[in-house]
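Just below is one structure, and these are the notes that go with it.
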Amino acid sequence: MTGGRVVRRPGIVLAVVSCAVFMAMLDNLVVNNALPSIGEELDTSVSGLQWVVAGYTLVFAATLLSASVVGDRLGQRRAFFTGLGGFMAGSALGSVATGQGLLVAGRGIQGLGAAVLLPAGTALLRHTYTDDAGRARAIGVRGAVGGLGIALGPVIGGPLVEALGWRSVMWINLPVGLAALLVGLRVLPCPPAAPVRWDPAGQALAVTGLGGLVHALIQGPVDGWRTPPVVACLALAAVALTAFGVVEARGARPMLDPALFRAKASRAAAVSCFASGLALFGATFFLTFYLQNILGWSAAGAGAVFLSASVFIAFTSPVAGVLTGRYGARPPLVLGLVLSALALAGLSRYGRGAAFADYGWLLPVLGAGTGLLFVPTMITMVQGAPAAHAGTASAVVDTLREVGGVVGVAALGAVLTTRMRTTLYERTARAGLPHDAVEDLVRTAVADGPVHRLGAGPSGAGPPLARVWTEESFVDGLRLALRCGALVLVCALVVVLVLLWGRRPRVAVLSAVPERRGELKR
């Protein structure tokens with residue numbers, strides 16, 4: 001409805017909202033295949049490129065839970081356009097960036113715009129589709145489009161970079177966003193604003209804690225874990241995240257209500273969602289470098305490699321919904337975690353001489369595992385929440401996946417970089433290089449990694465040999481990082497089995513998820 005009037009073109013409203021959701025979710029991973037090109041043009045290290053990814057996902061994750069307040073205060077229609085405008089502005093800024101700082105700033109503005117955009121779009125669908133069946137279908141389409149955006153990020157990004165350069169993954173949002181804006185101005189409903197309270201303490205602590213943790217994980221391997229800034233960030237993160245838990249447990253209107261996690265099934269879904277985000281985002285980030293800089297694939301070729309994973313994500317997501325409705329969340333959660341762990345462990349077996357035929361079969365396994373985890377986590381979290389918190393529960397799922405992705409890139413990157421440094425020291429020391437030459441090579445390799453295809457070595461090590469050492473050390477680090485990701489998934493699997501042991505949490509009717517959302521004001 002639009003201020004009391006029935007919306008006459010609900011299909012177009014759904015198309016506009018879905019288009020915006022697709023863009024927001026696509027930008028999680030669309031930049032990945034552009035990272036090597038960004039590193040070369042902007043002279044950015046691996047840790048700097050991690051910030052290009054984290055600049056978006058960190059802001060997105062840290063502000064998503066409370067961003068719906070913007071819609072309540074401004075009105076959902078105005079909030080939707082505000083978020084869309086912010087997302088487009090961030091894209092424009094990133095597309096003209098001449099340095100890492102400006103690019104990360106643009107990505108952060110994109111993330112903030114997306115955080116406002118998503119809950120406002122979902123609320124507009126609730127006002128557009130007033131019957132339960134229609135609302136169920138609309139929100140189902142919205143969820144499927146969001147999952148498809150994440151899945152197609154690497155696939156779309158590769159050809160764009162190959163044909164038009166890395167900046168195209170940023171400015172491509174502008175014509176798409178403009179089209180959504182122009183059509184939306186004509187068709188989107190205009191529900192009234194509603195006065196609500198905000199949780200400023202929770203928001204500030206969440207941003208501080210996550211920001212400090214990610215900064216420490218990214219810079220620790222490069223600057224040293226004992227350097228004052230890294231130690232200070234770790235301490236700040238520990239204090240802020242602990243305080244966040246206390247504030248949310250005692251607050252009158254918490255941003256993250258602990259009641260959402262009282263049910264064992266909800267806790268199992270939350271753990272699975274976080275672990276799947278960690279595995280998918282972390283593995284995709286570093287496999288991009290492996291494919292392009294170690295195996296020599298082009299950006300478009302690397303995108304094509306990930307296509308099989310994307311297809312299986314899209315295919316298994318609806319299958320997971322059917323399984324959840326018939327047998328409960330336990331079977332798809334367990335199977336998804338098992339397949340994802342096996343895929344990461346399998347990918348860790350390959351090195352500098354691998355061919356696509358060797359590892360290509362593992363990417364569909366990773367896609368299938370990830371797809372099996374998307375729908376059950378959403379259904380379980382929403383069904384396990386009180387009716388008044390159903391909307392927040394759906395936002396929690398998106399937030400957990402984003403936070404998992406941020407931690408995955410940062411934590412697995414810390415493992416990779418630390419292992420790479422140690423291995424490179426060992427290789428160069430065995431070759432008998434002077435201590436100063438060893439220090440110079442290791443410092444350069446850790447700062448740049450294989451991003452710039454190291455072409456010069458210290459005295460006593462010719463360029464080809466220095467490159468071989470660097471690439472072999474990177475592969476050693478990647479193997480350990482992927483195995484750590486697999487271990488996280490195994491730990492999540494154990495938690496799920498313990499929490500759901502002997503239980504068969506059934507979801508009687510899948511459309512009950514959006515029906516509960518319909519009871520919400522937002």
Side-chain angles (χ1 to χ4, degrees), residues 18-44 46 48-50 52-53 55-57 87-100 102-104 106-107 109-110 114 145-181 280-281 283-314 355-356 359-360 363 367 449-453:
S18 296
C19 178
V21 170
F22 182 82
M23 282 197 311
M25 302 313 289
L26 183 78
D27 267 58
N28 280 288
L29 297 177
V30 72
V31 76
N32 277 28
N33 282 325
L35 293 174
S37 299
I38 294 172
E40 290 182 3
E41 181 174 331
L42 301 186
D43 193 27
T44 302
V46 172
L49 295 175
Q50 287 177 258
V52 173
V53 174
Y56 181 81
T57 54
F87 186 85
M88 293 169 62
S91 300
L93 181 62
S95 70
V96 299
T98 56
Q100 173 193 330
L102 197 60
L103 179 56
V104 172
R107 293 280 288 167
I109 295 172
Q110 277 186 305
V145 168
L148 191 62
I150 293 177
L152 292 179
V155 178
I156 293 175
L160 280 175
V161 173
E162 192 76 11
L164 302 172
W166 70 263
R167 297 179 188 276
S168 62
V169 301
M170 305 295 292
W171 58 252
I172 193 64
N173 293 319
L174 300 180
V176 177
L178 182 61
L181 179 64
L280 179 65
F281 284 58
T284 303
F285 179 88
F286 294 106
L287 284 172
T288 297
F289 292 110
Y290 172 71
L291 292 171
Q292 294 188 46
N293 295 109
I294 305 299
L295 300 187
W297 287 72
S298 66
V305 165
F306 288 111
L307 178 61
S308 57
S310 302
V311 168
F312 273 78
I313 290 175
F356 180 71
Y359 61 82
L363 294 171
V451 175
H452 303 294
R453 293 187 174 273

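Nothing here was measured: the structure is a model prediction, and the numbers come from that model.
Val30 places none of its side-chain heavy atoms less than 4.5 Å from the side chain of Ile172. Looking only at side-chain heavy atoms (C-beta outward), Val53 and Phe281 stay at 4.5 Å or farther from each other. Residues Thr288 and Phe306 are in side-chain contact: their nearest non-hydrogen atoms beyond the backbone lie under 4.5 Å apart.
Judged as a salt bridge (Lys or Arg N to Asp or Glu O under 4.0 Å), not a single pair has a partner in residues 283-304 (not counting sequence neighbours). Contacts classified as salt bridge (Lys or Arg N to Asp or Glu O under 4.0 Å) and involving residues 150-166 (residues at least two apart or in different chains) are not found. Within the structure, no pair that satisfies the salt bridge (Lys or Arg N to Asp or Glu O under 4.0 Å) test touches residues 289-305, not counting sequence neighbours. For residues 90-100, no pair satisfies salt bridge (Lys or Arg N to Asp or Glu O under 4.0 Å), with sequence neighbours left out.
For Gln292 against Pro36, the heavy-atom pair with the smallest separation is OE1-CG, 3.6 Å. Closest of all the heavy-atom pairs between Ser308 and Gly360 is OG-O, 4.4 Å. Pairing each heavy atom of Val161 with each of Ala34, the nearest pair is CG2-CB, 3.4 Å. Across Met88 and Leu178, no two heavy atoms sit closer than the pair CE-N, 3.7 Å. Here the closest non-hydrogen pair linking Arg167 and Leu42 is NH2-CD2, 4.4 Å.
To the nearest 0.5 angstrom, Trp171 atom CH2 is 5.0 Å from Leu164 atom CG. For the atom pair CG of Asp27 and CZ of Arg107, the computed distance is 5.5 Å after rounding to the nearest 0.5 Å. Taking OH of Tyr359 as the start and CG of Leu287 as the end, the distance is 9.0 Å to the nearest 0.5 Å.
Between Phe289 and Phe286, the angle of the ring planes lies from 30° to 60°, which puts this pair in the tilted group.
Taking Val311 as the reference, Leu307 meet the side-chain contact (heavy atoms from CB on, under 4.5 Å) condition, with sequence neighbours excluded. In terms of the side-chain contact (heavy atoms from CB on, under 4.5 Å) criterion, residue partners of Ala309 (sequence neighbours excluded) are, by chain and number, Leu363. Partners of Phe312 under the ring pair (Phe, Tyr, Trp, His ring centres under 6.0 Å) rule, at least two apart in sequence or in another chain, do not exist in this structure.
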Taking distance alone, no hydrogens or angles, what donor-acceptor pairs closer than 3.5 Å link side-chain atoms of residues 90-97 to residues at least two apart or in another chain?
from, atom 1, to, atom 2, distance (Å)
Ser91, OG, Phe87, O, 2.9
Ser91, OG, Gln110, NE2, 2.7
Ser91, OG, Asn173, ND2, 3.2
Ser95, OG, Ala92, O, 2.7

Could you go through residues 147-159 and list every donor-acceptor pair under 3.5 Å that involves a side-chain atom there, pairing it with any protein atom two or more places apart or in another chain?
none

